[in-house]
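First the structure, in the form of structure tokens, and then the observations on it.
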Amino acid sequence: MISTKMEILVVDDEPKQRRGLAAMVRSLRPDYKVHEAKNGKEALELAENRSLDIVFTDIQMPIVNGIDFLKALNHKGNNVPKVVFVSVFHEFGYAQQALRLGAKDYLVKPVITEQLEPIISDLEQQLRRESTLQLETKSLNEQLAHTKPVYMEHLLYKWMTEELQAAERNEVRKHFTYSGSGTVVILESKSDDRTADELEWRSILKRAVVQAFTPLAEAMVVAPEHEKEQLYAVAVWRQGVSSEEGLAQLRRALHQVENVYNRSISAGIGKEFACIETDIRACCQSARLALQYLYYFPEGMWLSDSELQNLLSNAASPLVATKDTDILEKAVTESQLELAMSSLISLLDQMAASYPSPFRLKCSATQLLLTCLKRVELVIDDDQYRILANRIDQEIIAAQSFRDTQQTAAGLLADMIKQMKKDKSSRSEMIMQKCREFVEANLHEDLGLELIAQRFFYNPSYFSILFKNNFGLSFTDFLVKTRMQKARSLLLQTELKIVDVAKQVGYKDIKYFNKVFKKMFLYSPEEFRRMFSS
């Protein structure tokens, strides 16, 4: 790389010519360092020990002449300075030979300032351009050196997880010619320490895997950028090495790493294939599935594809019954926190006994909680209801393990009951309004005090008092009054038969309906319609 202070060498066996040219260069470029040599041999020695930028050299010199000096410089190869030949006019044939060998220019003695200045300026520009190009090339090479391993890891990850294009497949084969029996191991390591250097940890883990496998297998390790907690290792066992032996060695090595760094490492081990090169995707998929099912086990467990298949084939059938979910929902509506929590945990344990996929179990847990929330919808504030519903959807799916799912679900259930108690005690007026709306919308149903009290999660006796305080009527009187008002509207505004009007306001016995209506309006329904209908 060129510096702001260049080094220039003047080579000539005639001291007067050499010193004169050196002095002229110094006067034009006082900041530059100017060296002198009396022949090509001295010049070569200087070129070996100094980083020269420009050389002005005579052609005819003893020991080593200018032409041989230039050939020697070219043979050296790297960092060859810009060479300008200085000679008398009748040596122009030598000059032509020198130009063919790479000399940058030719000066005829005696040299004057007007000739020297433009040559130095032109050579400076050449050197700066070359220096800039070298820097750009170096930067590009550094980027390529960094990018190529990243690209190869991306390509290898793609090889394990999806179909490769023909060019990509050839690129993989060029760098990795693995064939033979082997498997894929996916390692997962989670850290609660947010300050931990994850890049350093992944590097340590990769090195530990490679070192563990090297005596027993051809191995490669991939750390996908988008899967920060996972490491993919492909192992192709050497002749005479069994899968059990290789995996045991890896486990021992990683156990030491766990102890040193106080971090647990879980592993999903893929199905063993006789030709890993052709079955890599199926092998990786089985390792992923095994890793996924570690959801049901504590951190640091290892699960192989064969162990998983055995687990699933011997799993119990689901035992969840309607009565079990009814117990949970009833406990929630009655604000029995302990019973609700124990019922929920028991239900989740029953679901997990059949080892459904983690996603399916999370969906079942979400559905349980949303059903409970729906049962208490009328009691909980609308905004809080939406907040709880969103939390259930998001927090259950985000749970990392079955134990985490249970704890998260229990916390959400506790918050639901707590919110229900809070809103129930502070919003009786709103609840009574919802109760009124419900009664008016369901007059055709068989309504009663206990049924309505249960719907709004009240004790019937307390509900009766609360209702009368809000409406000035007992629930029974309010229900009769509301039904009769509705019947009156239907008689006056529709052509429905009397029996159909009675059914719409909740009376199956037409005689009893007539009796109640007459008691309130002094006329039977038929008389009332005849007298007051327009």
Side-chain angles (χ1 to χ4, degrees), residues 77-78 130 132-189 198-239 241 243 246-247 250 265-292 304-305 308 359:
N78 295 325
E130 290 174 7
T132 301
L133 182 60
Q134 287 174 3
L135 287 173
E136 290 174 352
T137 302
K138 182 181 178 183
S139 176
L140 182 59
N141 288 336
E142 289 174 351
Q143 290 177 34
L144 288 173
H146 174 72
T147 304
K148 187 169 182 178
V150 173
Y151 169 70
M152 288 310 303
E153 283 212 358
H154 164 74
L155 199 59
L156 292 170
Y157 176 81
K158 190 175 179 182
W159 176 46
M160 285 188 277
T161 57
E162 58 184 277
E163 188 69 37
L164 291 180
Q165 299 295 325
E168 293 173 325
R169 198 178 302 112
N170 291 336
E171 188 72 17
V172 168
R173 285 174 179 157
K174 189 188 304 180
H175 291 83
F176 301 95
T177 54
Y178 295 140
S179 61
S181 173
T183 189
V184 172
V185 180
I186 305 178
L187 302 172
E188 184 173 70
S189 175
E198 290 303 310
L199 193 62
E200 179 184 343
W201 166 248
R202 282 154 72 87
S203 176
I204 290 167
L205 198 53
K206 284 176 74 172
R207 188 162 60 250
V209 173
V210 171
Q211 288 176 351
F213 272 150
T214 296
L216 307 173
E218 295 286 347
M220 62 181 183
V221 183
V222 178
E225 280 298 314
H226 61 289
E227 296 181 22
K228 297 294 186 184
E229 296 176 336
Q230 294 177 356
L231 211 65
Y232 288 66
V234 181
V236 182
W237 310 120
R238 298 188 190 281
Q239 190 71 28
V241 177
S243 172
L247 292 172
L250 177 64
I265 303 169
S266 305
I269 303 166
K271 183 178 180 181
E272 181 100 4
F273 280 96
C275 183
I276 193 69
E277 185 177 9
T278 56
D279 295 312
I280 187 72
R281 288 170 61 197
C283 188
C284 183
Q285 187 176 4
S286 63
R288 277 180 158 181
L289 188 63
L291 189 72
Q292 181 184 351
S304 68
D305 172 76
L308 173 61
F359 179 74

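The residues of the chain are indexed from 1 along the displayed sequence.
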* Closest heavy-atom pair and its distance - S286, G270 -> OG-CA, 3.2 Å
* Structure fact -> In short, V241 meets G246 closest at the heavy-atom pair CG1-N, 4.5 Å
* Separation of I265 CD1 from L205 CG (nearest 0.5 Å) -> 5.0 Å
* How many angstroms lie between CH2 in W237 and CD1 in I276, if you round to the nearest 0.5 Å? -> 10.0 Å
* To do: I would like to know whether W159 and E277 meet side chain to side chain contact (heavy atoms under 4.5 Å, CB included); could you show each step before the answer?
  => CA-CA 9 Å; W159 176 46; E277 185 177 9; 4.2 Å; yes
* To do: Measure the spacing between CG of L291 and CG of L308 and express it to the nearest 0.5 Å.
  => 11.0 Å
* To do: Measure across T161 and C284 and return the closest heavy-atom pair with its distance rounded to 0.1 Å.
  => CG2-SG, 4.1 Å
* Is there side-chain contact between L250 and V209, with at least one heavy-atom pair below 4.5 Å? -> yes
* Rounded distance [0.5 Å steps], OH in Y232 versus CD in E188 -> 9.5 Å
* Asked: Under 6.0 Å from the CD atom of Q285, do we count more than 12 heavy atoms belonging to anything else shown?
  -> no
* More than 12 heavy atoms from other groups under 6.0 Å of CD on Q165 -> no
* Asked: Do R238 and L216 come within less than 4.5 Å of each other through their side chains, counting heavy atoms only?
  -> no
* **Side chain T214, main chain V210, donor-acceptor under 3.5 Å** => yes
* **Nearest-0.5 Å distance that lies between atom OG in S304 and atom NZ in K271** => 12.0 Å
* Asked: Which salt bridge (charged side-chain N to carboxylate O under 4.0 Å, His left out) pairs, counting each pair once, include a residue from residues 200-217, with sequence neighbours left out?
  -> E153-K206
* Pairwise side-chain contact, E272 with S181, heavy-atom cut-off 4.5 Å (strictly under) -> yes
* To do: Return the set of residues passing side-chain contact (heavy atoms from CB on, under 4.5 Å) with E163 (not counting sequence neighbours), or none when no residue passes.
  => R169, R281
* To do: Mind checking the CG-CH2 spacing from L231 to W201? Nearest 0.5 Å is all I need.
  => 10.0 Å
